[in-house]
Trainee: 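This is the structure I have questions about; it appears just below.
FYI, the numbering just counts along the sequence from 1.
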Amino acid sequence: MGNRLSKIVTRTGDQGETGLGDGSRTGKDSLRIDAIGEVDELNSSLGLLLAESFPEAIDAAAREALIQVQHDLFDLGGELCIPGMEMVKEEQVLRLEQWVADFNEPLAPLKEFILPGGTRAAAHAHLARTICRRAERAVVRLAHAESVADGPRQYLNRLSDLLFVLGRALNHAAGCGDVLWKHERKAKPKKA
């Protein structure tokens, strides 16, 4: 990589364009840059999640998975940054599926919808899940306009599943349990 990341202020984007990994330039408001930005935000949200304390029973496995996901998301962003490049492999998607199964195994089957909450770590996992869904939608929009391999979309779809299950698993390991949606709650009367 040399010293290419040493100079931070370049002024090359002052006119509303940015460079892609293949050397071409595109508008900062393009669908491709939007998708890259959403993936970057997702990765940052995982960094925030990793800054939280996790229950000891789940700490090592959750951290290992999330750090690997951060690396995978960098690959995914690289793939989006270089049109025609394929960096996200089927093995990465399958690894997510295995983690979903592993973290889901000790959890009780869901019979109700759950609210995003519980412990701070679980709430951050649910927030990351919603950012992941937004990133997935951005990649789908990009794929309608330009050629994009299936890997990024599949990866983001499985990752949102993992983050949902991880939120539940973090609550479970903390002894908190799921925060259930109460669909039959009574509306509060309006004050006169």
Trainee: Any idea which heavy atoms bring Ala62 and Leu166 closest together, and the distance?
Mentor: CB-CD1, 4.0 Å
Trainee: Looking at Glu90, I'd like to know if its CD atom is crowded, meaning that more than 12 non-hydrogen atoms belonging to other residues, nucleotides or ligands lie closer than 6.0 Å.
Mentor: no
Trainee: Does the side chain of Glu38 reach to within under 4.5 Å of the side chain of Leu42, using non-hydrogen atoms?
Mentor: no
Trainee: Do Leu156 and Arg133 have side chains that approach each other closer than 4.5 Å (heavy atoms only, starting at C-beta)?
Mentor: no
Trainee: Membership question, hydrophobic clusters at under 4.5 Å side-chain separation (ILVMFWY): are Ile33 and Ile82 in the same one?
Mentor: no
Trainee: Tell me whether Arg63 forms a cation-pi arrangement with Phe54, defined as NZ or CZ under 6.0 Å from the six-membered ring centre and within 45 degrees of its axis.
Mentor: yes
Trainee: Evaluate the criterion salt bridge (charged side-chain N to carboxylate O under 4.0 Å, His left out) for residue pair Glu41 and Arg134; output intermediate values, then yes/no.
Mentor: CA-CA 10 Å; Glu41 183 180 350; Arg134 184 168 13 105; 2.9 Å; yes
Trainee: Run the side chain to side chain contact (heavy atoms under 4.5 Å, CB included) test on Arg120 and His124 for me, step by step, so that the C-alpha distance in whole Å, both residues' side-chain angles and the decisive distance to 0.1 Å come before the verdict.
Mentor: CA-CA 6 Å; Arg120 280 181 55 97; His124 279 298; 3.8 Å; yes
Trainee: Output yes when Asp150 and Arg153 qualify as a salt bridge under the 4.0 Å nitrogen-oxygen rule, no when they do not.
Mentor: yes
Trainee: Identify all side-chain donor-acceptor contacts of residues 140-149 below 3.5 Å with residues at least two apart in sequence or on another chain.
Mentor:
| residue | atom | partner | partner atom | Å |
| --- | --- | --- | --- | --- |
| Glu146 | OE1 | Arg32 | NE | 3.2 |
| Glu146 | OE1 | Arg32 | NH2 | 2.8 |

Trainee: Asp178 pairs by side-chain hydrogen bond (donor to acceptor under 3.5 Å, both in side chains) with which of His172, Arg168, Lys111?
Mentor: Arg168
Trainee: Distance-only, no hydrogens or angles: does the Asn171 side chain make a donor-acceptor pair with backbone N or O of Thr119 under 3.5 Å?
Mentor: yes
Trainee: State plainly whether one hydrophobic cluster holds both Tyr155 and Ile67, where clusters connect Ile, Leu, Val, Met, Phe, Trp and Tyr through side-chain heavy atoms under 4.5 angstrom apart.
Mentor: yes
Trainee: Same hydrophobic cluster for Leu159 and Leu127, using side-chain heavy-atom links shorter than 4.5 Å among ILVMFWY?
Mentor: yes
Trainee: Using distance alone, with no hydrogens and no angle criterion, decide if Arg129 and Ser160 have a side-chain donor and acceptor under 3.5 Å apart.
Mentor: no
Trainee: Tell me whether Met87 is reachable from Val139 by hopping between hydrophobic residues (I, L, V, M, F, W, Y) whose side-chain heavy atoms are closer than 4.5 Å.
Mentor: no
Trainee: Would Ser44 and Leu48 count as a side chain to side chain contact (heavy atoms under 4.5 Å, CB included) here? Give the steps.
Mentor: CA-CA 6 Å; Ser44 295; Leu48 186 61; over 6 Å; no
Trainee: Ala122 and Gly117: which non-hydrogen atoms are nearest, and at how many Å?
Mentor: CB-O, 3.7 Å
Trainee: Does a side-chain N-to-carboxylate-O contact under 4.0 Å join Lys182 and Glu112?
Mentor: no
Trainee: For Val39 versus Gly77, what's the shortest heavy-atom pair and its separation?
Mentor: CG1-N, 4.3 Å
Trainee: Can you tell me how far apart CE (Met85) and CD (Glu79) are? Round to the nearest 0.5 Å.
Mentor: 8.5 Å
Trainee: Side chain to side chain contact (heavy atoms under 4.5 Å, CB included) between Leu50 and Gln70: does it pass, once the steps are laid out?
Mentor: CA-CA 10 Å; Leu50 281 162; Gln70 283 195 301; 3.4 Å; yes
Trainee: Do Leu107 and Leu162 belong to the same hydrophobic cluster, where Ile, Leu, Val, Met, Phe, Trp and Tyr are linked whenever their side-chain heavy atoms lie under 4.5 Å apart, directly or via other members?
Mentor: yes
Trainee: Which atom pair, heavy atoms only, marks the closest approach of Ser53 to Ala121?
Mentor: O-CB, 3.8 Å
Trainee: Please name the pair of heavy atoms, one in Gly118 and one in Cys176, separated by the smallest distance, quoted to 0.1 Å.
Mentor: CA-SG, 3.8 Å
Trainee: Could you check whether any side-chain heavy atom of Asp40 comes within less than 4.5 Å of a side-chain heavy atom of Leu73, counting everything from C-beta outward?
Mentor: no
Trainee: Do the side chains of Phe103 and Ile58 get nearer than 4.5 Å, heavy atoms only?
Mentor: yes
Trainee: Between Leu163 and Cys132, which heavy-atom pair has the shortest distance, and what is it?
Mentor: CD1-CB, 4.2 Å
Trainee: Might you work through the side chain to side chain contact (heavy atoms under 4.5 Å, CB included) test for His126 and Ile114, ending with a clear yes or no?
Mentor: CA-CA 11 Å; His126 283 292; Ile114 64 170; 4.0 Å; yes
Trainee: Please check this pair: side chain of Asp161 against backbone of Val100, looking for a donor-acceptor N/O pair closer than 3.5 Å.
Mentor: no
Trainee: Answer yes or no: is there a donor N or O on one side and an acceptor on the other, between the side chain of Gln92 and the main chain of Lys89, under 3.5 Å?
Mentor: yes
Trainee: In Å, rounded to the nearest 0.5 Å, how long is the span from CG of Leu94 to CD of Gln154?
Mentor: 9.5 Å
Trainee: What is the distance from atom CD1 of Ile131 to atom CD of Glu136, rounded to the nearest 0.5 Å?
Mentor: 14.0 Å
Trainee: Is it true that, when you exclude Glu64 itself, more than 12 heavy atoms of the residues, nucleotides or ligands shown sit nearer than 6.0 Å to its CD?
Mentor: no
